[in-house]
Amino acid sequence: MREGKIRIVADENIPAVEHYFGDLGSVRRLPGRTMSREQLLDADVLLVRSVTPVNRELLEGTPVGFVGSCTIGTDHLDTQWLDRQGIPWSAAPGCNANSVVEYVFCALAALGRDWRGQRFGIVGCGNVGGSLQQRLHGLGIECRVYDPWLPENPDAADLDEVMSQDVVCLHAPLVKGGPHPSLHMIDAERLAGMKDGAVLISAGRGAVVDNSALLALLESGKPLTTVLDVWENEPDIDTALLSRVDIGTPHIAGYSHDGKLAGTRMVREALSNALGLPPVVADSAFQGQIHSLIPSAAAKDSDGEFATMADLLLQMYDPRGDDRRLRAAANAELNLAQGFDRLRREYPRRLEFSHYRGEGGDLAAESRRQLEILGLKWN
């Protein structure tokens, strides 16, 4: 990488790039989905999200000397080619794990599915799946985990057992080769083996599930509640499948403001290490204020504590709003692929639970404890 001011090209959807990288040189933002080699002929650093395939075709002949992906996955990076070229690269593992876990519980709240007393299955127990497992343990909820890379996990089970639980959460990365490929790992047979009335939440990588098989199963009338945040062939997703799922969102489970900022900061730290610069000093520039939450009158008047707990979660984040916007894009005249990317590009600021405090004394102590384990503080 050349000396002096660094020329940085960044996906337009990465937040706070100027704040975290502006001291190093110039920043030029571009649409990540259509980024081309010609646009990188004067770039020293490339910052992407998961929609940009970074490989020989994109980078050969460019001066790019560092690649940072401000997301948790690396299946869009040809890391072997980067290593052979001596180009340092970094991702941001775990940056949005908390956001995805919150998405899972908000989806259950939106479905009216009381997670207490349910048995969970987790496919993929890395940063996201591991965070969900820890949260479930704190809540006293049983879970089974399938991750062939973590055979010593205390909740380890085979995939068939995991898929037989009441709520099945998919957080596996997309792996197309090697000893444990995940492409279409959740196929027609595995889907058919799910128990009637179960909930399937897919918030890892879309092609881990055979989408055609899932559509056929739902069309057959099997009683399965389905939440899809990730899809095959994004952004050109299957509208027939969208019409069948209970909640469908445009790959935004990890799109909390906190998670995206953490990804940007982690990649800046990696670049500083590569350049031999001092560590990044943490700051509170983006912390924001704490918001108070009071259960709605309707929730207070309903039977049972779960309605109040669900109401508070949905005040913080309601995935049904993202579902409505995605379905509206599918029904509009514009190309759904464009609409899918537009929803991601224009995604509203979503804060994690730690930015909120519950008010009022009507909720039982155990329910408050569970909400605090999920991240909502209580006054």
Side-chain angles (χ1 to χ4, degrees), residues 75 100-101 103-105 107-108 110-126 128-130 132-133 135-137 139 141-233 237-238 240-249 253:
D75 52 274
V100 179
V101 172
Y103 175 94
V104 167
F105 283 95
L108 293 171
L111 294 167
R113 187 70 170 245
D114 191 344
W115 51 81
R116 299 171 298 178
Q118 301 287 293
R119 291 169 61 92
F120 278 66
I122 302 173
V123 179
C125 203
V128 175
L132 176 58
Q133 181 187 24
R135 212 70 56 90
L136 292 171
H137 284 172
L139 294 169
I141 296 173
E142 290 189 40
C143 63
R144 296 291 180 267
V145 169
Y146 174 75
D147 192 320
W149 298 103
L150 300 171
E152 303 303 318
N153 189 298
D155 298 315
D158 63 39
L159 184 55
D160 289 334
E161 182 180 354
V162 169
M163 294 296 296
S164 71
Q165 304 304 306
D166 302 311
V167 179
V168 179
C169 301
L170 309 180
H171 303 297
L174 181 61
V175 180
K176 296 182 179 180
H180 302 295
S182 63
L183 177 65
H184 286 185
M185 176 171 59
I186 310 303
D187 57 13
E189 182 179 356
R190 291 266 157 62
L191 291 167
M194 295 185 69
K195 66 167 56 175
D196 288 351
V199 178
L200 176 67
I201 301 176
S202 181
R205 286 293 184 263
V208 170
V209 179
D210 183 335
N211 282 203
S212 296
L214 177 58
L215 175 59
L217 186 72
L218 295 176
E219 289 179 336
S220 75
K222 181 178 176 67
L224 178 68
T225 300
T226 312
V227 178
L228 291 190
D229 180 58
V230 291
W231 313 75
E232 286 198 86
N233 304 315
I237 69 173
D238 187 343
L241 180 57
L242 173 61
S243 71
R244 290 283 181 173
V245 302
D246 295 272
I247 295 177
T249 53

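All figures in this text were calculated on a predicted structure; none of them were measured in a lab.
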A.B. asks: Are any of the side-chain heavy atoms of Val145 and Leu150 separated by less than 4.5 Å?
C.D. replies: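 Not in contact.
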A.B. asks: Among all residues two or more places apart in sequence or in another chain, which pass the side chain to side chain donor-acceptor pair (under 3.5 Å) test with Asp147?
C.D. replies: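 Applying side chain to side chain donor-acceptor pair (under 3.5 Å) to Asp147 gives none.
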A.B. asks: Do Leu214 and Leu224 have side chains that get closer than 4.5 Å, going by heavy atoms?
C.D. replies: yes
A.B. asks: Which residues satisfy the salt bridge (Lys or Arg N to Asp or Glu O under 4.0 Å) test with Glu219, sequence neighbours excluded?
C.D. replies: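 With sequence neighbours excluded, Glu219 shows a salt bridge (Lys or Arg N to Asp or Glu O under 4.0 Å) to no residue whatsoever.
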A.B. asks: Is there a side-chain contact between Lys195 and Asp166 in this structure, where contact means two heavy atoms from C-beta onward sitting under 4.5 Å apart?
C.D. replies: yes
A.B. asks: Find out whether Arg119 and Ser164 are in side-chain contact, i.e. whether some heavy atom of one side chain is under 4.5 Å from a heavy atom of the other.
C.D. replies: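 The answer is no; the side chains never approach within 4.5 Å.
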A.B. asks: To the nearest 0.5 angstrom, please state how far the CG atom of Leu191 sits from the CG atom of Leu215.
C.D. replies: 11.0 Å
A.B. asks: Can you tell me how far OG1 of Thr249 sits from OH of Tyr103, rounded to the nearest 0.5 angstrom?
C.D. replies: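 Rounded to the nearest 0.5 Å, the OH-OG1 separation comes to 2.5 Å.
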A.B. asks: In the structure I gave you, are the side-chain heavy atoms of Leu139 and Phe105 within less than 4.5 Å of one another anywhere?
C.D. replies: yes
A.B. asks: For Cys125 and Asn153, which heavy atoms make the closest approach, and how far apart are they?
C.D. replies: SG-ND2, 3.6 Å
A.B. asks: Can you sort out the partners of Asp158 under salt bridge (Lys or Arg N to Asp or Glu O under 4.0 Å), two or more places apart, ordered by chain and number?
C.D. replies: none
A.B. asks: Looking only at heavy atoms, what is the nearest atom pair of Pro173 and Val208, with distance?
C.D. replies: O-CG2, 3.8 Å
A.B. asks: Do Gln133 and His171 pair up side chain to side chain, a donor and an acceptor below 3.5 Å, judged on atom types alone?
C.D. replies: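 Their side chains do not contain a donor-acceptor pair, so the 3.5 Å distance test is not met.
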A.B. asks: With rounding to the nearest 0.5 angstrom, report the CG to CD1 distance, Leu242 to Ile247.
C.D. replies: 12.0 Å
A.B. asks: Is any side-chain heavy atom of Met163 closer than 4.5 Å to one of Val123?
C.D. replies: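 When only atoms from C-beta onward are counted, Met163 and Val123 do touch, with a gap below 4.5 Å.
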A.B. asks: For Val101 and Val128, which heavy atoms make the closest approach, and how far apart are they?
C.D. replies: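 Shortest heavy-atom separation between Val101 and Val128 comes out as CG2-O, 3.9 Å.
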A.B. asks: Please identify each residue that fulfils salt bridge (Lys or Arg N to Asp or Glu O under 4.0 Å) with Arg244, with sequence neighbours left out.
C.D. replies: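 Salt bridge (Lys or Arg N to Asp or Glu O under 4.0 Å) list for Arg244, sorted by chain: empty.
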A.B. asks: Taking only residues at least two apart or on different chains, which pairs with a member in residues 173-186 satisfy salt bridge (charged side-chain N to carboxylate O under 4.0 Å, His left out)?
C.D. replies: none
A.B. asks: Could you state the interatomic distance from CG (Asp246) to CD1 (Ile201), rounded to the nearest 0.5 Å?
C.D. replies: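 Answer rounded to 0.5 Å: 10.5 Å.
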A.B. asks: So which heavy atom on Tyr146 is nearest to which on Val162, and how close?
C.D. replies: N-CG2, 3.5 Å
A.B. asks: Answer whether the closest heavy-atom distance between the side chains of Val245 and Trp231 falls below 4.5 Å.
C.D. replies: yes
A.B. asks: Provide the closest heavy-atom pair for Glu232 versus Ala207 in the form atom of the first, atom of the second, distance.
C.D. replies: CG-CA, 3.6 Å
A.B. asks: Does anything in residues 200-213 pair up under side chain to side chain donor-acceptor pair (under 3.5 Å), and if so which pairs, sequence neighbours excluded?
C.D. replies: Asp75-Arg205
A.B. asks: Under 4.5 Å between any side-chain heavy atoms of Leu136 and Asp155, yes or no?
C.D. replies: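 No, too far: nothing below the 4.5 Å cut-off.
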A.B. asks: To the nearest 0.5 Å, what is the distance between CD1 on Ile186 and CG on Leu200?
C.D. replies: 8.0 Å
A.B. asks: Quick one: pull up CG in Leu174 and NE2 in His184 and give me the separation to the nearest 0.5 Å.
C.D. replies: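 Going from the CG atom of Leu174 to the NE2 atom of His184 covers 9.0 Å.
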A.B. asks: Can you establish whether the number of heavy atoms outside Glu161 located under 6.0 Å from its atom CD is more than 12?
C.D. replies: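 Yes.
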A.B. asks: Assess the residue pair Val227 and Leu111 against the criterion (side-chain contact (heavy atoms from CB on, under 4.5 Å)); give the C-alpha distance rounded to whole Å, side-chain angles, the decisive distance to 0.1 Å, and a yes or no.
C.D. replies: CA-CA 10 Å; Val227 178; Leu111 294 167; 3.8 Å; yes
